[in-house]
Structures are given as structure tokens and as C-alpha cells.
Amino acid sequence: MLRALYDTSTNFLNVHEWAYGATEVIHIACMALGIGLIALLDLRLLGANIGGVTPERLVRATLLGSIVGLVLAITTGMMIFSTDPLRYVHHPTMQFKIVVLSAALVFNFTIHNLIAKRAQPAGAAYLVAGISLLLWVTVVFSGLFYAFT
Ligand code: HEM
């Protein structure tokens, strides 16, 4: 395990360039699936009319897709991370992304989904949707800006 942290030359993604590229593509596609479904629900909570569906039904309809998307995004993220763990672990933008991601996950599967199911009171639903969008947009932008920092 410790050896793998220092010697990444045998890591499958480092040996096969196509595998690295494919993992990045899956990372981005799954992130789009998971966060896209959460954002859809947030827009509904903010008052958008999405096919006349109630927030409660939308929570049920999007839950599985958002879990699958997030689990695969996190798994592929960890795979990319393993290609150079010592560089990533010390990078402030990566550290920031992991902290905000953890906060977004806890918030999403607790307060967010609870309030979304009831969509009551309306003020709370607005606030929760705003916080949720802010957290997820921050995760995506810290992933994007990693390369420039
Ligand atoms: C839903 C959660 C996540 C989102 C929204 C997300 C978002 C992103 C984005 C937008 C990129 C930039 C892709 C590109 O420019 O090609 C990226 C790259 C990356 N992500 Fe994630 N990510 C998530 C989870 C994770 C996790 C859990 C890890 C690791 C523990 C991780 C590790 C990485 C790594 C190592 C890169 C490549 C950075 C580089 O060298 O440029 N990600 N992520």
C-alpha cells in the first residue's frame, strides 16, 4: 500500500494512456449525471415548472441516478488520484475540493433531501436549493481550476 503511494509506475492508468483518458471521460460524464439531477431538483425547489412534477416525486425519480453518478464520479476520481497521490494530496485546490465535496455530500443526503421531499416551508426550500447549488458549483469549479493553480 505504502509502496504504491511512492511507486506509481505500475499503476494501470499510468501504464496505459487510453485508460487514463477513458477514466477522465467517465469522471466528467458521471459528475454531470449526478450533479445535473441534483441541480434539476434545486431548480424545481426554486420554483421552476419541470413537467408539472412535485418536488417529492422529483426526489424519488432522481435519487438513484444521482447516487449512481456520484459513486462513479468519486470512484473514478480516486482512480485518477492514485496516479500521483503525493502530488494531489498536498495540493491546496485538491484539498479544498475534497472538503467542499464532503460537505456537499453530507448536506445533500440529509437536510437537502429531507426539505426537498416536503418543499415546506417555501423559504427553507429556497435556502436549501441555493446552498446546494453553491456547494456543487464550487466542487465542479475547484476540479476545473486545479490545473491552473
Ligand atoms: C462529484 C464529485 C466530483 C466532481 C464534481 C469532480 C469534478 C472534477 C472536474 C470538473 C475535474 C476536471 C476535469 C478536467 O479538466 O479534465 C476533475 C478532475 C479530477 N478529479 Fe474530480 N471531481 C469529483 C470527485 C473527485 C474525487 C472524490 C477525487 C479524488 C479523491 C477526484 C480527483 C480528481 C483528480 C485527481 C482530477 C484530475 C486533476 C488533474 O490532474 O487535472 N475527484 N474533477
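On a predicted model such as this, the values are computed, not experimentally measured, just so you know.
Ile74 and Val68 sit in two unconnected hydrophobic clusters of ILVMFWY residues. Membership requires side-chain heavy atoms under 4.5 Å apart, directly or through other members.
Scored by the ring pair (Phe, Tyr, Trp, His ring centres under 6.0 Å) test, Phe96 finds no partners at all (sequence neighbours excluded).
For the pair Leu70/Phe109, a side-chain contact is recorded, criterion being any heavy-atom separation below 4.5 Å from C-beta on. Residues Asn113 and Leu63 form a side-chain contact, since some pair of their non-hydrogen atoms from C-beta on lies under 4.5 Å apart. Between Phe148 and Thr93, the closest side-chain pair of non-hydrogen atoms is not below 4.5 Å. Put simply, the side chain of His112 reaches to within 4.5 Å of the side chain of Leu41, judged on heavy atoms.
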Criterion ring pair (Phe, Tyr, Trp, His ring centres under 6.0 Å) on His16 and Phe12, from CA distance to verdict: CA-CA 6 Å; His16 304 281; Phe12 191 79; 4.5 Å; yes
Stepwise side-chain contact (heavy atoms from CB on, under 4.5 Å) test for Ile111 and Ile131: CA-CA 11 Å; Ile111 304 170; Ile131 294 172; over 6 Å; no
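No more than 12 heavy-atom neighbours from other residues, nucleotides or ligands sit within 6.0 angstrom of OH on Tyr126. Around CZ of Arg118, the count of heavy atoms belonging to other residues, nucleotides or ligands within 6.0 Å does not exceed 12. Enclosure of atom CZ in Phe141 is not indicated, since only 12 or fewer non-hydrogen atoms of other residues, nucleotides or ligands lie within 6.0 angstrom.
Nearest approach of Ala104 to Val139, heavy atoms of both residues: CB-CG2, 4.4 Å. In terms of heavy-atom proximity, Leu135 sits nearest to Val100 at O-CG1, 3.8 Å. Pairing each heavy atom of Ala73 with each of Met31, the nearest pair is CB-N, 3.8 Å. A pairwise comparison of heavy atoms in Leu45 and Ala129 identifies CB-CB, 3.8 Å as the closest pair. Pairing each heavy atom of Thr76 with each of His27, the nearest pair is OG1-ND1, 3.1 Å.
For Glu56 (side chain) and Ala116 (main-chain N/O), no donor-acceptor pair under 3.5 Å exists by modelled atom type. Thr8 places no side-chain N or O within donor-acceptor distance of the main-chain N or O of Asn11, the cut-off being under 3.5 Å.
For Tyr146 and Tyr88, the gap between ring centers is short of 6.0 Å.
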